[in-house]
Every structure is written in C-alpha cells, then in structure tokens.
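Worksheet: the structure to be examined is printed underneath.
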Amino acid sequence: MNYANCELCPRRCGVDRTAGERGFCGCPDTALVAKTMLHKWEEPALAGSGGSGAVFFGGCTLGCRYCQNAAISGGPVGVPTDSAGLRRIFEDLIAQGAENIDLVTPTQFLPTIAPALSPKLPVPVVYNCGGYERVEILRQLDGKIDIYLPDLKYADDALAGHLSGAAGYFPVAANAIREMVRQTGTPQWNGEKLIRGTIIRHLILPGQVENSLRVLDWIGENFAPGEVLVSLMRQYTPMGGLAAPFDRRVNEEEYEAVLSWMYLNDLDGFTQEEAAADAGFIPDF
C-alpha cells in the first residue's frame, strides 16, 4: 500500500504520486482533508446522539456526475495532512463526542490514513466509500476497520460507465463487499449503536428502478438475512448538467417499487423520507 506506482483503487493508474505524477483521482502523496464535522445525518445507528466524526477527504476514485460532494470530490481539494495530523483530528472529534470516526472517500489516501488508525481508537472506525475498491487493498485494512459503509450504486455496468466513468463497477464492487462482510461478520450492536458490521448503501436513481431491483436481488442472493444491513437512499438531488431522467428527483412510484423489493428480499436496514432529497442536507464545503 503506497503512493509510488499507485494501484490503490481498481483503476490501477500506476503513476508515481511521490514524484508529482497524478492519476485519475488527481491527488498528491499525502491526505487532503476537505472538512471535518460531527455529522448528524448519517444512518441513526452511526450518528447516534453525538454524530459521526466525519473526515471528508478531497478527490475520489469515481467520477459520479450527480455527486452531492462534487465541490470536494471532483479534484485535489483540502488541507495536506500527514498521519500524525490525522490522528490528532480523530482524537479531537472523539473529544467532541463523536460516536465513531467516519472516513469519507478515503481510498486514494490509505497510505496516510492506515498508520493513523494505530493504536486502536476508542470508537468504531467507519470506512465510507463508493464500493469501487480492490480486494487486495481491503485485506490490508483487516482489523483496522470496524464498520464498512460502501455504496452498491449499480448492477448495470453501462449505467456505471455513463454516470461514474467506471464501466466495470459491478463485479468489482460485488467482490469488495464480500470481502468487507468477511472482515466484519454479522452486525454487532451496543444498544441502538452499530459497533461492527457492514451497511450497504444504495441510492435510487430516477428512471432506473430495474437497476435498483437487480442490486437488491444480488444482496439478497449473496447474504443471509441479517448478515448485512441495507441503507436505501432516496436523497438523489439533481446537480445540473444531466439530461432526463437524471434532471429530476425520484418519484413516489419509483421509491415504493424499490422499497417493496427490499422487503421481498428480506433485507433489513434503513430508509429515507422524501424530504432527504434536498440540497440543504449537503454539508457546506
């Protein structure tokens, strides 16, 4: 796991970031911290009463054209921070009452992040990612991550190519999620707070019900009831520049169809109300 001949993500650009070369993510050879906050809008099992201790990293290994965090994900944005600096950020968030440390889009900075997670923090560590991960890299995180929070955005690879620039997304994400679940096992709780496990997020996209049904089918076919949690997200907000149907929110008929399929697959987890599709819930970057 290093920045030279960078192969941290499935794109495996092979650039030497230590020599100033830049790959798909455009990021340098140290972490860029774009924002830290006590995030009250994560899933209730994560946010609790104190909020998740969210650390938003600049850049991303995906190119989602509808990204709500585009202000920081679209390029190398943030304050350069070494491992010792990250450790201080984590400890400060914990001192403020954070229920966990929520690493948001961390993949491109893992060589800086991983050392900051030792010794073990007194709260769970959440790996919050787009699901586009290499199994070989995830295995190097075994024991450091308590909760995986991946997206499973697409079962349709043509859609993944069109909207995220990752035409091979589904098989890569599917293998990554299997590895995440292998590491964490069945969800473990402390009261109503999740302390270990995997939550698979799926954002419903307008006009793409079939994609969502295929995602939920895959989860239901690959994991036993209760082995993972599902977070079915309705918060798609048009960010501009996309043609129909991506220029509108998800409608009630689409949401109800996907929600019903989630229950038919005997999947447990979290859902969102229509009000979640509001730009007011996007953190101020």
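On a predicted model such as this, the values are computed, not experimentally measured, just so you know.
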For this session: Look at the side chain of His39 and the backbone N and O of Ser52, then say whether any donor-acceptor pair between them is shorter than 3.5 Å.
Result: no
For this session: Quick one: pull up CD in Glu254 and CZ in Arg234 and give me the separation to the nearest 0.5 Å.
Result: 9.5 Å
Seminar exercise, completed: Heavy-atom nearest pair, Gly58 first then Ala34, reads N-CB, 4.2 Å
Exercise. Would you call Glu136 and Arg12 a salt bridge, using N to O less than 4.0 angstrom?
Worked result: no
Problem set entry | Heavy-atom pair with the smallest gap, counting every atom of Ile177 and Asp151 | CD1-O, 4.1 Å
Exercise. Are Val258 and Val209 close enough that some pair of their side-chain heavy atoms sits under 4.5 Å apart?
Worked result: yes
Exercise. Hey, what do you get for CD (Gln183) to CD1 (Ile145), rounding to the nearest 0.5 Å?
Worked result: 8.0 Å
Exercise. Would you say Glu256 has more than 12 foreign heavy atoms packed within less than 6.0 Å of its CD?
Worked result: yes
Exercise. So does Asp268 have more than 12 non-hydrogen atoms from other groups sitting under 6.0 Å from CG?
Worked result: no
Problem set entry | Cationic N near anionic O, under 4.0 Å, Glu91 to Arg87 | yes
For this session: Please check if the side chain of Thr30 supplies one atom and the backbone of Thr81 the other of a donor-acceptor pair under 3.5 Å.
Result: yes
Exercise. So do Met1 and Leu8 actually touch side chain to side chain, heavy atoms under 4.5 Å?
Worked result: yes
Exercise. Would you say the side-chain atoms of Arg17 pair up with the backbone N or O of Cys27, donor to acceptor, closer than 3.5 Å?
Worked result: yes
For this session: Give a yes or no answer on whether the side chain of Arg201 reaches the backbone of Met233 with a donor-acceptor pair at less than 3.5 Å.
Result: no
For this session: Mind checking the NZ-CG spacing from Lys193 to Asn190? Nearest 0.5 Å is all I need.
Result: 5.5 Å
For this session: Apply ring-ring contact (aromatic ring centres under 6.0 Å, His included) to Phe223 and list each qualifying residue two or more places apart in sequence or on a separate chain.
Result: Trp218
Exercise. Do Lys35 and Ile72 pass the side-chain contact (heavy atoms from CB on, under 4.5 Å) test, and can you show the C-alpha distance, the side-chain angles, and the key distance before you say yes or no?
Worked result: CA-CA 9 Å; Lys35 187 177 182 67; Ile72 63 170; 5.7 Å; no
For this session: Examine Val230 and Val181 and state if one hydrophobic cluster contains both, with Ile, Leu, Val, Met, Phe, Trp and Tyr joined whenever side-chain heavy atoms are less than 4.5 Å apart.
Result: yes
Exercise. At their closest point, which heavy atom of Ser83 faces which heavy atom of Pro111, and how far apart are they?
Worked result: OG-O, 4.4 Å
Exercise. Is Ile199 isolated, or which residues cluster with it under the ILVMFWY side-chain rule of less than 4.5 Å, directly or via members?
Worked result: Leu46, Val126, Ile147, Leu149, Trp189, Leu194, Leu229, Phe270
Problem set entry | Short side-chain donor-acceptor distance under 3.5 Å, Asn128 and Glu42 | yes
Exercise. Applying the side-chain contact (heavy atoms from CB on, under 4.5 Å) test to Tyr127, which of Asp102, Thr107, Asp146, Thr198 qualifies?
Worked result: Thr107
Problem set entry | Under 3.5 Å: donor-acceptor pair, side chain of Asn265, backbone of Trp261 | yes
For this session: Provide the closest heavy-atom pair for Thr61 versus Cys9 in the form atom of the first, atom of the second, distance.
Result: CG2-CB, 3.5 Å
Exercise. Under the 3.5 angstrom rule, does the side chain of Gln108 hit a backbone N or O of Gly26 as a donor-acceptor pair?
Worked result: no
Exercise. Judged by atom type as modelled, is there a donor-acceptor pair below 3.5 Å linking the side chain of Gln235 to the main-chain atoms of Leu203?
Worked result: no
For this session: For Ala116 and Leu86, work out which heavy atoms get closest and say how close.
Result: CB-CB, 3.8 Å
Exercise. Ignoring hydrogens and geometry, is there a side-chain-to-backbone donor-acceptor pair from Arg65 to Leu163 under 3.5 Å?
Worked result: no
For this session: Report whether Val215 and Leu213 are members of the same hydrophobic cluster (ILVMFWY, side-chain heavy atoms less than 4.5 Å apart, transitive linking).
Result: yes
Exercise. Considering only heavy atoms from C-beta outward, does the side chain of Pro150 approach that of Glu133 to under 4.5 Å?
Worked result: no
Exercise. Under 3.5 Å, is there a donor-acceptor pair between the Glu43 and Ser231 side chains?
Worked result: yes
Exercise. What class does the angle between the rings of Tyr66 and Tyr154 fall in, given that below 30° is parallel, 30 to 60° is tilted and above 60° is perpendicular?
Worked result: perpendicular
For this session: Look up atom CD1 in Ile113 and atom CG in Leu103, then write down how far apart they are to the nearest 0.5 Å.
Result: 5.5 Å
Exercise. Do Val33 and Phe109 pass the side-chain contact (heavy atoms from CB on, under 4.5 Å) test, and can you show the C-alpha distance, the side-chain angles, and the key distance before you say yes or no?
Worked result: CA-CA 10 Å; Val33 176; Phe109 297 123; over 6 Å; no
Problem set entry | Distance in Å, Leu216 CG paired with His202 NE2, rounded so as to fall on 0.5 Å steps | 6.0 Å
Exercise. So how far is it from Asn175 CG to Phe170 CZ, rounded to the nearest 0.5 Å?
Worked result: 9.0 Å
Exercise. Just wondering, do Glu99 and Ser49 contact through their side chains at under 4.5 Å, heavy atoms?
Worked result: yes
Problem set entry | Members sharing Ile195's hydrophobic cluster (side chains within less than 4.5 Å) | none
For this session: Determine whether the side chains of Tyr169 and Ser164 contain a donor N or O and an acceptor N or O closer than 3.5 Å.
Result: no
Exercise. With a 4.5 Å heavy-atom cut-off, do Tyr132 and Lys153 have their side chains touching?
Worked result: no
Problem set entry | Derivation and outcome, side-chain contact (heavy atoms from CB on, under 4.5 Å), residues Leu141 and Leu110 | CA-CA 9 Å; Leu141 297 173; Leu110 284 176; 4.1 Å; yes
Problem set entry | Pairwise side-chain contact, Leu205 with Leu159, heavy-atom cut-off 4.5 Å (strictly under) | yes
Exercise. Any Lys/Arg nitrogen of Arg134 or Glu179 sitting under 4.0 Å from an Asp/Glu carboxylate oxygen of the other?
Worked result: no
Exercise. Just wondering, do Leu62 and Arg11 contact through their side chains at under 4.5 Å, heavy atoms?
Worked result: yes
Exercise. So, does Tyr255 use its side chain to make a donor-acceptor pair with the main chain of Gln272 at under 3.5 Å?
Worked result: yes
Problem set entry | CA sep, side-chain torsions, deciding dist, call: Arg182, Asp142, side-chain contact (heavy atoms from CB on, under 4.5 Å) | CA-CA 10 Å; Arg182 184 197 69 77; Asp142 197 352; 3.0 Å; yes
Exercise. So, Arg214 versus Asn211: side-chain donor-acceptor pair below 3.5 Å or not?
Worked result: no
Exercise. Does Gln208 use its side chain to pair, donor to acceptor, with the backbone of Asp156 at less than 3.5 Å?
Worked result: no
For this session: Provide the closest heavy-atom pair for Val104 versus Ala54 in the form atom of the first, atom of the second, distance.
Result: CG2-CB, 4.3 Å
For this session: Please tell me if the side chains of Asp92 and Arg88 come closer than 4.5 Å, counting only heavy atoms from C-beta onward.
Result: no
